[in-house]
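To start, the structure itself, in structure tokens.
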Amino acid sequence: MAAADDPDLGALAAVTVNALLIAHALVWHEIVQALGSAFKWIIGLSIALELTVSLVLHHPLLPNFATLPDGDIDPHWYWVRDNFFDGGRIQGIVGNSNVLAIICLFAIITFGVRIAVRARWRVTHALWIVAAGYLMFRASSATAYLCGLAAAVVLLVAILIRRTRTLGGRTRIYATCGGIVAVAVAALVVFREPLFAALGRGADLTGRTDVIWSKVLERAAQHPIFGNGFSSPWIPTDPAFDEWITDHGITVFHAHNMWLDVLMQLGVVGLVLMAAAYLSLLWRAWFFAVDRPRWDLRADRPFSPLTLLPVLFTVVLLVQGLAESTPIMLWGWMLLVMFSFKLKAVPLVGVGLSERSRVTERGHEARRVP
């Protein structure tokens, strides 16, 4: 396996530069607005493509609009499976049910925040939430459901912490919620088989533990300290990955667990660095969400709903990373870099040179002009 693959490094560099540019050029309200616009395009195009396939083509669609060959084709090869009206899983413009479901969850969070900050077109945002919720349901991703549950729990805890005025009260909430989460995780481990069966998934996470993860760990053991070399996503035509792990005749292009993926590629050193990056982001995002805005002696400024978005996105990425490698690839990496640098540079909404240049004083808090 090569030490590095130029296409992967080029894509990683491009995504990193874009994330840094967004964090530098846009204020917090503009970042949320830009995310909302991107999600609208994905949701709208997904619905349009699914309807076109079902109402116009009347047959599944292969990637790049390739002509369907004769004979039976494994459904996993399809871009769109023509399931919009038959109740099956849909894949949308992204061509993957799990990715579509996670994007829809991000969209629900983003539009919910937009409504909470009383942005314009709140009814329209509510309709986008309905559309995203429907696509997420039709994508039927167990990973997305768990991510949504985790985000809901974190949102509830953050709201409770915001309403608590004493340090002792916060400590009690942390202790109580921590105990509940520990019990819930233990129950998930003990009763994983019936729970995954109820979600239509196997206890081995659809072949991950028995097939993919075992082979990834075998390769990681060959170079445990510095890894086998960076490649994320795996390039299917590379000899190191070509038909190494296959699923339904398709070469798998990531480990379906971002921590195992990092361990195999960059070893223990990379694993420690990646854990530090995500834990640092989680730490900053959490206190960005639960601490009152304060840059002087005044301690009674109101909270902004916008500050909840980074921590909810981070939690979704961390939970998704247990079953997917997307959080270390492409848009997952972009969100990590963008939020990390934005929280470091501008830890308060409406405060700082870049923020003040495009905000106006309204009441007691600097808020973005709608």
Side-chain angles (χ1 to χ4, degrees), residues 15-35 105-106 109-110 112-113 116-117 147 150-164 167 170-171 173-174 177-178 181 258-259 262 270-296 299 301-322 326-328 331-356 359 365-368:
V15 172
T16 302
V17 170
N18 274 279
L20 293 174
L21 178 63
I22 293 170
H24 175 73
L26 302 183
V27 300
W28 277 111
H29 287 270
E30 291 171 338
I31 288 176
V32 176
Q33 186 177 7
L35 288 171
L105 178 57
F106 282 143
I109 295 171
T110 303
V113 167
V117 298
C147 289
V153 171
V154 170
L155 176 61
L156 175 61
V157 175
I159 292 174
L160 291 176
I161 292 293
R162 283 184 172 198
R163 294 183 176 180
T164 304
L167 181 61
R170 284 194 169 195
T171 301
I173 292 176
Y174 282 133
C177 294
V181 170
M258 72 175 186
W259 304 111
V262 172
L271 190 65
V272 171
L273 293 175
M274 185 62 68
Y278 262 103
L279 289 177
S280 175
L281 172 59
L282 182 63
W283 180 271
R284 292 181 183 277
W286 175 252
F287 289 105
F288 182 64
V290 302
D291 284 348
R292 286 187 180 276
R294 186 171 181 176
W295 55 90
D296 53 25
R301 289 183 175 86
F303 291 105
S304 170
L306 186 150
T307 59
L308 292 166
L309 185 137
V311 71
L312 296 179
F313 270 50
T314 303
V315 168
V316 170
L317 288 173
L318 286 172
V319 176
Q320 184 196 18
L322 299 176
T326 308
I328 61 171
W331 54 264
W333 179 256
M334 188 205 74
L335 292 173
L336 169 64
V337 174
M338 180 182 71
F339 284 134
S340 295
F341 279 84
K342 190 64 178 179
L343 286 168
K344 176 64 176 178
V346 187
L348 297 167
V349 175
V351 179
L353 293 177
S354 63
E355 294 267 307
R356 281 202 300 264
V359 299
E365 184 185 25
R367 298 184 62 184
R368 177 80 173 88

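What's counted below: heavy atoms across the whole structure, side chains too, no hydrogens, waters or symmetry copies. On a predicted model such as this, the values are computed, not experimentally measured, just so you know.
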Check your understanding: Considering all heavy atoms of both residues, which atom of C177 and which atom of V157 are nearest to each other, and what is their separation?
Key -> SG-CG2, 3.5 Å
Check your understanding: So do the side chains of W286 and V154 get within less than 4.5 Å of each other, counting heavy atoms only?
Key -> yes
**Study point:** Residues that F106 engages under ring-ring contact (aromatic ring centres under 6.0 Å, His included), provided they are two or more places apart
**Key:** F313, W331
**Study point:** Distance in Å, K344 NZ paired with L281 CG, rounded so as to fall on 0.5 Å steps
**Key:** 13.0 Å
**Study point:** Rounded distance (nearest 0.5 Å) linking atom CD of Q33 with atom OG1 of T110
**Key:** 12.0 Å
Point to revise | Residues forming a side chain to side chain donor-acceptor pair (under 3.5 Å) with T307, sequence neighbours excluded | key: R162
Review point. Any side-chain heavy-atom pair from R170 and V290 closer than 4.5 angstrom?
Key: yes
**Study point:** Heavy-atom closest pair, residues P310 and L343
**Key:** CB-CD1, 4.4 Å
Exercise for review: Please tell me if the side chains of V311 and F288 come closer than 4.5 Å, counting only heavy atoms from C-beta onward.
Suggested key: no
Check your understanding: In Å, rounded to the nearest 0.5 Å, how long is the span from CG of L317 to CG of L312?
Key -> 11.0 Å
**Study point:** Flag, side chain of W333 to backbone of A19, donor-acceptor distance under 3.5 Å
**Key:** no
Review point. Say you draw a straight line from OG1 of T164 to CG of L160; how long is it, rounded to the nearest 0.5 Å?
Key: 6.5 Å
Study note, to complete from the structure: Output for pair (L335 CG, L35 CG), nearest 0.5 Å, gives 7.0 Å
**Study point:** Rounded distance (nearest 0.5 Å) linking atom CG of L309 with atom CZ of F339
**Key:** 5.0 Å
Revision key, fill the gap. What one should report as the nearest heavy-atom pair of I22 and M334 is CD1-SD, 4.3 Å
Review point. P302 and R292: which non-hydrogen atoms are nearest, and at how many Å?
Key: CA-NH1, 3.9 Å
Review point. With side chains defined as the heavy atoms from C-beta onward, is the minimum distance between V337 and N18 less than 4.5 Å?
Key: no
Point to revise | Selection residues 273-283 - residue pairs positive for side chain to side chain donor-acceptor pair (under 3.5 Å), sequence neighbours left out | key: none
Check your understanding: Is the closest side-chain heavy-atom distance between M274 and L336 below 4.5 Å?
Key -> yes
Review point. What's the verdict on side-chain contact (heavy atoms from CB on, under 4.5 Å) for M258 and L318, showing C-alpha distance, side-chain angles and the deciding distance?
Key: CA-CA 9 Å; M258 72 175 186; L318 286 172; 4.0 Å; yes
Practice item. For residues V315 and A151, report the shortest heavy-atom separation together with the two atoms involved. Key: CG1-N, 4.2 Å
Practice item. Over all heavy atoms of both residues, which pair between E30 and A25 is shortest? Give the atoms and the distance, please. Key: OE1-O, 4.1 Å
